[in-house]
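Let me begin by presenting the structure, written as structure tokens, before commenting on it.
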Amino acid sequence: MSGKAPYGLIAVTCAVIMVVLGVLVSGEGLSGPDELADRWVERAFGGNADLLRLLVLPTEAYVLIPVAAVAAGLCLAGRRRLEALLTVVGPLVAILANGWVLKPLFDRWKTTYLAYPSGHTVALVAVLTVLVLLARPGIATVVISVVGMVVLAGVTIGMIGLGYHYLTDVVGGTLFAVATVCAVWVLLSWAARRREPAPSGG
């Protein structure tokens, strides 16, 4: 995997869309898409709390941390130190920046807590993005991407149904996680190139 574009472009694009969406939904209240999503989930899954909790399970730390740890271990075993660093730094930066900076900045509330962008989503998508970046181009990337989208769809339904988040919180969390992991990878790759010794002129 290369640290060059389009990762930088992806990071900037996702970040800009996330900020614009955050400005539009900041404060309290529902947007049109959120209202529609809430109604659909209530009609389709209302009253099935056990299923909804199962759908949210992939966002839990006790699921994501082992996945990231295995990925980091495989990278280290293959002497891919930079990629191993990404598996730790990428999700960590995304989670901390979301909780400490973005949530207070956008000030969107869901009952008694700040909701935009969704922290559950940031954690999940950050790890999924790392896995996509680590995978060799080809069928592995496609499989991880498809499985990741299916999992994210289920998580979205679960969080809306349980009243954890609005749809736009999930979208914002997805955009921020992708932007952060891609940006971290670009920076790590740049730093690694800077440390490489200059070719000898002799």
Among Ile157, Leu36, Thr156, side-chain contact (heavy atoms from CB on, under 4.5 Å) partner for Leu167: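 Only one option passes, and that is Thr156.
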
Out of Val178, Val181, Val12, Leu133, which one pairs with Tyr7 under the side-chain contact (heavy atoms from CB on, under 4.5 Å) rule?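 So, applying the side-chain contact (heavy atoms from CB on, under 4.5 Å) to Tyr7 and each of Val178, Val181, Val12, Leu133, only Leu133 qualifies.
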
Could you give the distance from [atom1] ([X]) to [atom2] ([Y]), rounded to the nearest 0.5 Å?
{"X": "Cys75", "Y": "Glu83", "atom1": "SG", "atom2": "CD", "value": "5.5 Å"}
{"X": "Thr174", "Y": "Leu124", "atom1": "OG1", "atom2": "CG", "value": "8.0 Å"}
{"X": "Arg193", "Y": "Leu188", "atom1": "CZ", "atom2": "CG", "value": "10.5 Å"}
{"X": "Tyr113", "Y": "Thr111", "atom1": "OH", "atom2": "OG1", "value": "4.5 Å"}
{"X": "Phe176", "Y": "Leu102", "atom1": "CZ", "atom2": "CG", "value": "4.5 Å"}

Determine, using the 4.5 Å side-chain heavy-atom cutoff (strictly less than), whether Met149 and Val130 are members of one ILVMFWY cluster.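 No.
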
Is it the case that one hydrophobic cluster holds both Leu128 and Val147, taking links as side-chain heavy atoms less than 4.5 Å apart, direct or via other members?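 Yes; tracing contacts between hydrophobic side chains, which count when under 4.5 Å, links both residues.
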
As a quick check of understanding, evaluate side-chain contact (heavy atoms from CB on, under 4.5 Å) for Cys182 and Ile10, giving each step before the final call. CA-CA 7 Å; Cys182 287; Ile10 292 172; 3.9 Å; yes

Where is the tightest heavy-atom contact between [X] and [Y], given as atom of each residue plus distance?
{"X": "Ile160", "Y": "Ala37", "value": "CD1-CB, 4.0 Å"}
{"X": "Leu114", "Y": "Lys103", "value": "O-NZ, 3.1 Å"}
{"X": "Ala15", "Y": "Ala179", "value": "N-CB, 3.8 Å"}

Any side-chain hydrogen bond (donor to acceptor under 3.5 Å, both in side chains) involving residues 119-135? Give me the pairs, sequence neighbours left out, ordered by first then second residue.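 Output for this query lists Ser118-Thr121.
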
For residues 58-67, which side-chain donor-acceptor pairs fall under 3.5 Å, sequence neighbours excluded?
unit_1, atom_1, unit_2, atom_2, d
Thr59, OG1, Val56, O, 2.8

I'd like to check Tyr166 versus Val25 (side-chain heavy atoms, cut-off strictly below 4.5 Å). Are they in contact?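 They are not in contact (no side-chain heavy atoms under 4.5 Å apart), so the answer is no.
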
For residues Glu35 and Trp40, determine if any side-chain heavy atom of one lies less than 4.5 Å from a side-chain heavy atom of the other.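 Heavy-atom side-chain distance check fails, nothing below 4.5 Å.
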
Assess the residue pair Thr180 and Val184 against the criterion (side-chain contact (heavy atoms from CB on, under 4.5 Å)); give the C-alpha distance rounded to whole Å, side-chain angles, the decisive distance to 0.1 Å, and a yes or no. CA-CA 6 Å; Thr180 303; Val184 167; 4.3 Å; yes

Taking only residues two or more places apart in sequence, or in another chain, which ones meet Arg39 in a salt bridge (Lys or Arg N to Asp or Glu O under 4.0 Å)?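 Per chain and number, Arg39 pairs via salt bridge (Lys or Arg N to Asp or Glu O under 4.0 Å) with no residue.
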
Determine whether Leu162 and Arg53 satisfy the following criterion, side-chain contact (heavy atoms from CB on, under 4.5 Å), listing intermediate values before the conclusion. CA-CA 8 Å; Leu162 293 172; Arg53 281 191 289 268; 4.0 Å; yes

Steps toward side-chain contact (heavy atoms from CB on, under 4.5 Å) verdict (Val151, Leu55): CA-CA 8 Å; Val151 170; Leu55 292 174; over 6 Å; no

Compile the donor-acceptor pairs under 3.5 Å between side chains in residues 138-145 and protein atoms, sequence neighbours left out, one pair per line.
unit_1, atom_1, unit_2, atom_2, d
Thr141, OG1, Arg136, O, 3.0
Ser145, OG, Thr141, O, 2.7

For the residue pair Lys110 and Tyr164, would you count it as a cation-pi contact if the rule is NZ or CZ under 6.0 angstrom from the ring centre and within 45 degrees of the ring axis?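 Verdict for Tyr164: no cation-pi partner in Lys110.
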
What salt bridge (Lys or Arg N to Asp or Glu O under 4.0 Å) pairs are there with at least one residue in residues 148-168, not counting sequence neighbours?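 For residues 148-168, and leaving out neighbouring residues, there are no salt bridge (Lys or Arg N to Asp or Glu O under 4.0 Å) pairs at all.
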
Check: Trp109 ring centre within less than 6.0 Å of Tyr116 ring centre: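 Judged by ring-centre distance (under 6.0 Å), Trp109 and Tyr116 do not meet the cut-off.
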
Salt bridge check: are Arg108 and Asp169 linked by an N-O gap of less than 4.0 Å?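 Yes.
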
Check: residues 84-98 side-chain donor-acceptor pairs under 3.5 Å, at least two apart:
unit_1, atom_1, unit_2, atom_2, d
Thr87, OG1, Ala84, O, 2.6
Asn98, ND2, Pro117, O, 3.4

Taking atom types as modelled, find out whether Thr168 and Asp34 have a side-chain donor-acceptor pair closer than 3.5 angstrom.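 Asp34 and Thr168 do have a side-chain donor-acceptor pair below 3.5 Å.
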
